[in-house]
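These notes are about the structure you will find just below.
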There are 2 protein chains.
Amino acid sequence: MAKTQPESCGLGPAFQVIGGKWKALILWLVHTEPRRFGELKRLVPDISEKMLIQQLREMEADGLVHREVFHEVPPRVEYSATSLGQSLDDALVPLANWGKAHGAAIEARKAKVA
Amino acid sequence: MAKTQPESCGLGPAFQVIGGKWKALILWLVHTEPRRFGELKRLVPDISEKMLIQQLREMEADGLVHREVFHEVPPRVEYSATSLGQSLDDALVPLANWGKAHGAAIEARKAKVA
DNA sequence: ACAAGTACCTACAATTTTGTAAGGTACTGA
DNA sequence: TCAGTACCTTACAAAATTGTAGGTACTTGT
């Protein structure tokens with residue numbers, strides 16, 4: 001019975017970069033096409049500007065998203081998924097499918113207990 | 001727990017049930033063979049008893065783990081993964097692999113910036 | 001009697017995460 | 001000059017998560 005470290009299954013790092021309340025959703029929105037700041041804000045209406053920029057910066061620091069500034073005349077900033085971000089998104093697909101398949105049942109179970 | 005967010009993908013429910021700091025690890029430990037409370041405590045040395053029991057109860061309520069009490073003379077309780085828990089564990093494998101593949105690189109990047 | 005082991009529970013406090021409100025720059029069109 | 005859009009920042013506060021320290025009830029070993 002060897003001692004198990006929290007990192008033994010590789011999930012630690014993954015949750016570290018995608019674990020927040022919004023990051024997975026942002027990555028999902030960004031992974032198909034580049035998105036502008038204001039566009040993301042509209043697509044995730046419940047997020048505050050602070051959280052959005054904070055999450056984007058963290059994901060940028062983790063190498064998941066690429067940030068490109070266009071020095072144009074309405075200034076424009078585009079966020080897109082890097083290849084690392086794409087690979088993470090791919091890895092999240094089975095989890096998303098699981099959620100789609102079983103999420104409703106779990107919600108129902110919780111509602112019944114409460 | 002925070003309010004449910006826009007569910008363009010099924011990740012919301014999934015993160016709801018394994019989102020914590022310990023749940024994924026506990027599920028991972030429990031998914032191969034039944035584990036006793038004290039055994040889990042030893043396997044995850046940094047967790048407090050309170051957190052362990054709390055997470056186990058939540059996962060039980062979510063239908064991920066099965067709890068079986070043996071009315072024996074040293075009292076014994078065994079936790080094992082349900083089929084739902086197994087399916088979630090399967091869905092987490094790609095994410096774990098991603099973490100194993102890229103976790104070190106991300107840590108290194110962060111260390112360099114700091 | 002009393003320490004030690006098993007499986008919990010409860011009150012409270014620290015930590016981390018998320019949110020609110022208010023700005024600030026830079027440019028445009030009226 | 002004034003309002004408006006876009007992008008971002010900061011100070012502060014609420015909320016969620018996690019941790020600490022103690023306790024219960026039971027039984028075996030010394």
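The model shown is predicted, which means the values in this text are computed figures rather than measured ones. The figures here come from the full heavy-atom set of this structure, side chains too, leaving out hydrogens, waters and symmetry mates. Letters go in sequence order (proteins before strands), and every chain restarts at 1.
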Under 3.5 Å, N/O pairs linking protein and nucleotides 2-5 of chain C:
none

Is the shortest side-chain heavy-atom distance between [X] and [Y] below 4.5 Å?
X	Y	result
Leu64(B)	Tyr79(B)	no
Leu29(B)	Val44(B)	yes
Asp46(B)	Trp22(B)	yes
Leu40(B)	Leu56(B)	yes
Phe15(B)	Ile18(A)	yes

To the nearest Å, give me how far apart [atom1] ([X]) and [atom2] ([N]) are.
X	N	atom1	atom2	result
Glu39(A)	dC8(D)	CD	P	14 Å
Gln16(B)	dA16(D)	CD	C1'	13 Å
Gln55(B)	dT17(D)	CD	P	10 Å
Asp46(A)	dG19(C)	CG	C1'	12 Å
Lys41(A)	dG19(C)	NZ	C1'	15 Å
Lys21(B)	dT15(C)	NZ	C1'	9 Å
Leu43(A)	dA6(D)	CG	P	13 Å
Leu52(A)	dG19(C)	CG	C1'	13 Å

Enumerate the protein-to-nucleotides 21-25 of chain C contacts in which both atoms are nitrogen or oxygen and the separation is below 3.5 Å.
none

Report which part of the nucleic acid Ile53(A) touches: base, sugar-phosphate, or nothing (heavy-atom distance under 4.0 Å, all strands).
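Base, at least one base heavy atom under 4.0 Å.
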Rounded at 0.5 Å granularity, tell me how far CD1 in Ile26(B) sits from CZ in Arg35(B).
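Answer rounded to 0.5 Å: 12.0 Å.
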Between atom NE2 of His66(A) and atom CE of Met59(A), what is the distance when rounded to the nearest 0.5 Å?
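Result: 14.5 Å between the selected atoms.
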Of the nucleotides dC7(D), dT18(D), dC8(C), which has the atom closest to the Arg67(A) side chain?
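That would be dC7(D).
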State which of dT18(C), dT18(D), dT20(D) makes the closest approach to the side chain of Met51(B).
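Nearest listed nucleotide: dT18(D).
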N/O (side chain, [X]) to phosphate O (OP1/OP2, [N]) under 4.0 Å:
X	N	value
Arg36(A)	dA6(D)	no
Tyr79(B)	dA7(C)	no
Arg57(B)	dC9(C)	yes

Can you tell me if Arg67(A) uses its side chain to pair, donor with acceptor, with the backbone of Glu60(A) under 3.5 Å?
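No, Arg67(A) side chain to Glu60(A) backbone: no donor-acceptor pair under 3.5 Å.
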Do Leu88(A) and Val93(B) share a hydrophobic cluster (ILVMFWY, side-chain heavy atoms under 4.5 Å, transitive)?
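Different hydrophobic clusters.
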